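Encoded as structure tokens, the structure appears first; notes follow it.
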Amino acid sequence: MDLRKLDIFRQVATQGSFSRAAEQLHMAQPAVSIAVRKLEEELGITLFDRGGRQVSLTAEGRTLLQQAVAILEQVAGLRATGGALRGLLLGELAIACPSMLATYYLPDLLGRFLVLHPQLRTNVTQAGTDLIRQWLLDDEIELGVISGSSPDIEADFITVPLVDEEIVLCVAEDHPWAGRSALPVAELHESPMVVYESGYFIRNRLDELCAAHGVSPDLRLQSNFLPLLIRMLKQGLGTTIGLAMLAQQEPGIVAVPFAEKPRIRLVLARRRQRSISLANQAFLDWAGLQL
């Protein structure tokens, strides 16, 4: 059985859409549809109900998805183990990552990889996505987390999707907005906020939202030091914007959705047509099978 077809099937099931799966896999949508159809023909079962706007798994599809995920994880583990046995992963894995993801997202992903490679050293550098992108283009780093929203990203980088989520307003649990089910961006006008410095993905998105709605918040504090922002947030100095993972992992912080439901997309990237270390390439390949 072709493992590529299993991976395509998993992406369609995860995305609930052939078109979104094609975007994630950097393939044409007809090629994705053909691969799934061939897998169905090979197995003699129907994997998706294609009747609605979004495709949904059949009962057989749900069963196969569990098995496909297990197989792909085993293959990733075997490849990683084989690489380690050949002495490929005994050097250093180096990643540049914005601080919010480095704090709340990267530890789990990176930890699972390092369990497979206990002799691998790791260096994580925190910086804004704009600076990380420039470092990649200047060949100062090999692997980094950047915004996936740029229209020319595929021309410059090979990417693995990490995060595609709504941006939320993060407030202290006793803040007057803590109980709101949704908040229009316009209400941020002249509201006190503690925010990242320019160049960080979340700050860039805030600036875009405010400009689009003619909003000027009262920026009481600007810093790239996340613990300081969290402390000021809990002390009631202001609100901030972020991903839901921040509120989920920080006691005393509540996430309030925006009425406009803005989203952010972040990817793990390397520059095209540039060689990178075996350890960095192995992590990029492994992450692509996990996500």
Side-chain angles (χ1 to χ4, degrees), residues 94-106 124-141 143-153 156-157 159 161-172 177 183-247 250 253 255-258 260-269 271:
I95 307 170
C97 183
S99 60
M100 189 174 299
L101 258 67
T103 303
Y104 302 114
Y105 180 87
L106 191 61
V124 178
T125 301
Q126 294 189 38
T129 50
D130 288 354
L131 183 57
I132 292 172
R133 182 188 178 103
Q134 193 58 52
W135 284 346
L136 287 167
L137 292 173
D138 292 342
D139 294 325
E140 294 184 20
I141 60 172
L143 205 58
V145 177
I146 61 176
S147 171
S149 302
S150 175
D152 61 346
I153 188 171
D156 295 326
F157 302 105
T159 64
L162 293 183
V163 171
D164 186 353
E165 295 184 6
E166 279 188 29
I167 296 172
V168 297
L169 187 71
C170 297
V171 304
W177 288 345
L183 185 84
V185 172
E187 292 197 35
L188 294 180
H189 187 61
E190 298 184 350
S191 170
M193 297 192 73
V194 294
V195 298
Y196 277 101
E197 297 173 347
S198 297
Y200 281 75
F201 73 94
I202 208 73
R203 171 61 187 277
N204 293 347
R205 196 69 180 93
L206 173 64
D207 291 345
E208 292 169 2
L209 288 169
C210 290
H213 293 83
V215 171
S216 297
D218 177 12
L219 302 183
R220 303 288 300 280
L221 173 69
Q222 300 180 62
S223 174
N224 60 2
F225 189 49
L226 183 58
L228 176 61
L229 296 179
I230 296 300
R231 187 67 177 268
M232 295 298 98
L233 190 65
K234 291 181 177 180
Q235 291 183 2
L237 187 64
T239 65
T240 194
I241 68 166
L243 300 174
M245 63 182 72
L246 187 157
E250 285 289 346
I253 302 297
V256 180
F258 284 107
E260 295 82 357
K261 299 187 180 302
R263 300 188 69 84
I264 192 78
R265 180 172 178 256
L266 296 172
V267 298
L268 182 63
R271 192 177 178 191

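Keep in mind the model is a prediction, meaning the values are calculated, not measured.
Within the model, atoms CZ of F258 and CD of E187 stand 10.0 Å from one another, a figure rounded to the nearest 0.5 Å. The CG atom of L131 sits 12.5 Å away from atom CD of Q126, with the distance rounded to the nearest 0.5 Å. Atoms CG and OG1, on L101 and T129 in that order, are 10.0 Å from each other to the nearest 0.5 Å. To the nearest 0.5 Å, atom OH of residue Y105 and atom SG of residue C97 are 9.5 Å apart. In this structure, the separation between CG on D218 and NE2 on H189 is 10.5 Å, given to the nearest 0.5 Å.
Taking 4.5 Å as the limit, every side-chain heavy atom of P217 sits out of range of all side-chain heavy atoms of E190. Two residues are said to be in side-chain contact when any heavy atoms from C-beta on lie closer than 4.5 Å; L162 and L268 meet this criterion. Looking only at side-chain heavy atoms (C-beta outward), L188 and L206 come within less than 4.5 Å of each other. Side chains of L169 and M193 form a contact here, defined as non-hydrogen atoms less than 4.5 Å apart. The closest side-chain heavy-atom distance from S191 to W177 is below 4.5 Å. Annotation: side chain of V195 is not in contact with side chain of L229 (no heavy-atom distance under 4.5 Å). In this structure, the side chains of S147 and N204 stay at 4.5 Å or more apart for every pair of heavy atoms.
Of all heavy-atom pairs spanning L228 and S223, the tightest one is CD2-OG, 3.9 Å. Looking at every heavy atom in both residues, I146 comes nearest to A269 through CD1-CB, 3.8 Å. Taking every heavy atom of both residues into account, A127 and I132 meet most closely at O-CD1, 3.4 Å. Nearest heavy-atom pair across E260 and L183 is OE1-O, 4.0 Å. Nearest heavy atom pair, residue G148 against residue I153, reads CA-CD1, 3.7 Å. Scanning all heavy atoms of the two residues, the minimum distance from A255 to V168 falls at CB-CG2, 3.8 Å.
Exactly one of Q222, E208, E197 qualifies for a side-chain hydrogen bond (donor to acceptor under 3.5 Å, both in side chains) with R203. That residue is Q222.
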Under the side chain to side chain contact (heavy atoms under 4.5 Å, CB included) criterion, do W135 and T125 qualify, and how do the steps go?
-> CA-CA 12 Å; W135 284 346; T125 301; 4.0 Å; yes
Verdict with reasoning, Y200 to M100, per side chain to side chain contact (heavy atoms under 4.5 Å, CB included) | CA-CA 10 Å; Y200 281 75; M100 189 174 299; over 6 Å; no
Kindly determine whether L246 and I230 satisfy side chain to side chain contact (heavy atoms under 4.5 Å, CB included), including the steps that lead there.
-> CA-CA 9 Å; L246 187 157; I230 296 300; 3.7 Å; yes
N/O donor-acceptor pairs under 3.5 Å from side chains in residues 234-244, not counting sequence neighbours:
from, atom 1, to, atom 2, distance (Å)
K234, NZ, E250, OE1, 3.4
K234, NZ, P251, O, 3.1
T240, OG1, V194, O, 2.7

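Not one N or O on the side chain of R271 forms a donor-acceptor pair closer than 3.5 Å with the backbone of D156.
More than 12 heavy atoms of other residues, nucleotides or ligands lie within 6.0 Å of CZ in R263, so this atom counts as buried by the packing criterion.
Under the side-chain contact (heavy atoms from CB on, under 4.5 Å) criterion, T103 pairs with L226, sequence neighbours left out.
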